[in-house]
Number of protein chains: 2
Amino acid sequence: MSETGVDAVLGALADPTRRALLDALAARGQASASALAADLPVSRQAIVKHLAILEEAGLVSSARAGREVRYTLRSQALDATARWMASLAGEWDRRLNAIKRAAEADDDPPRPQ
Amino acid sequence: MSETGVDAVLGALADPTRRALLDALAARGQASASALAADLPVSRQAIVKHLAILEEAGLVSSARAGREVRYTLRSQALDATARWMASLAGEWDRRLNAIKRAAEADDDPPRPQ
DNA sequence: CGTAGGTGCAACCACAGGGTTGCACGACGA
DNA sequence: TCGTCGTGCAACCCTGTGGTTGCACCTACG
């Protein structure tokens, strides 16, 4: 339960269109759904849905500016997920080493090779 | 193109069942599809499909042992993806700072606040 | 031998979700 | 005030894929 929204972030990042959307946002720094729709080969509505998912995952934030809504990147969630993955990788290594070590010490003493 | 199989890893990691599968594998260190099927509430066939996807993403590796196939965790791809995400987060920060700075210098000189 | 445990293959079902279109509503500029 | 631009909402289609069942095949083990 301690992980931020790792599953949400992973789910959001799993879609290519969403990643392209994030790229476009990174390039513009800030943009409305309609503006982003001009960059990608999908309809504005599709973009809006994707943005909703990305915002839900904490990867972007929205702010109303007059009659339009500006979206901005939010690196925090991404960074947190990266950390989570790195620590998981470390965990795997520790786990596997421990098991391998135990197997060697438990199974092989009479038969080193 | 330089990214390992980031999209494959993200796609693989996006599914909850697959993450549970990886957890189970981490606990056992090494296991066959049938053994893993005992841990999860899905059929062996479903497990096999997931394992195929995970192997495709480089998150696990398989090795035949007699009449069964043993699967093992592979932390490398996970670690690489974690690094990719972290660098992406850094990229976003740099991008946003640059843009914000430019906006302030270009728009606000007469109006600091 | 035969039997049991483990895989592999294939067909099939059902639902989530990525995508679209259409329309109504609110805000800005002339 | 009117036109227009950007949103929001809703219905709808259709593919992908997570899941299942059934069966054939192979390998160990008695």
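Proteins come first, then strands; the chains are lettered A, B, ... in the order of their sequence lines, and each starts at number 1. All values below were derived from every heavy atom in this structure, side-chain atoms included, with hydrogens, water molecules and symmetry-related copies excluded.
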For this session: Please list, by residue number, the residues of residues 51-74 of chain A whose heavy atoms come closer than 4.0 Å to an atom of DNA chain C; answer none if no residue qualifies.
Result: A/Ile53, A/Gly66, A/Arg67

Problem set entry | Rounded distance (nearest 0.5 Å) linking atom CG of A/Leu59 with atom CD of A/Gln76 | 10.0 Å

For this session: Give the rounded distance in Å between these two atoms: CG of A/Asp15 and C1' of C/dG19.
Result: 11 Å

Problem set entry | DNA chain C contacts among residues 17-32 of chain A, heavy-atom distance under 4.0 Å | A/Thr17, A/Arg18

Seminar exercise, completed: In short, B/Ala33 meets B/Ile47 closest at the heavy-atom pair O-CG2, 4.0 Å

Problem set entry | Value rounded to 0.5 Å, distance of CG in B/Leu22 from CG in A/Leu88 | 7.5 Å

Problem set entry | Proximity to the side chain of B/Ser34 - top-ranked nucleotide from D/dG8, C/dG6, C/dG19 | C/dG6

For this session: Nearest whole angstrom, please: distance from the C1' of C/dG19 to the CG of A/Leu40.
Result: 13 Å

For this session: Respond yes when some side-chain nitrogen or oxygen of A/His50 is under 4.0 Å from OP1 or OP2 of C/dG17, and no when none is.
Result: no

For this session: Hey, which sits more toward the 5' end of DNA chain C by its nearest nucleotide, A/Lys49 or B/Lys49?
Result: B/Lys49

Exercise. Taking CD from A/Gln45 and P from C/dC25, how many angstroms apart are they, rounded to a whole number?
Worked result: 16 Å

For this session: Might you point out which heavy atoms bring B/Ser75 and A/Ala89 nearest each other, and give the distance in Å?
Result: CB-O, 3.8 Å

Problem set entry | Under 4.0 angstrom between A/Ser43 side-chain N/O and C/dG19 OP1 or OP2 | no

For this session: State plainly whether the residues A/Asp79 and A/Arg83 are in salt-bridge range, i.e. N to O under 4.0 Å.
Result: yes

Problem set entry | Side-chain heavy-atom pair A/Leu51, A/Leu36 within 4.5 angstrom cut-off | yes

For this session: Identify, with sequence neighbours excluded, every residue that meets salt bridge (charged side-chain N to carboxylate O under 4.0 Å, His left out) alongside B/Asp39.
Result: B/Arg28

Seminar exercise, completed: note: A/Ile47, atom CD1; D/dC9, atom C1'; distance rounded to Å ~ 18 Å

Exercise. Is there a side-chain contact between B/Leu73 and A/Arg95 (heavy atoms, below 4.5 Å)?
Worked result: no

For this session: Grab the two heavy atoms, one from B/Ala31 and one from B/Leu25, that are nearest each other, plus how far apart they are.
Result: N-CD2, 3.8 Å

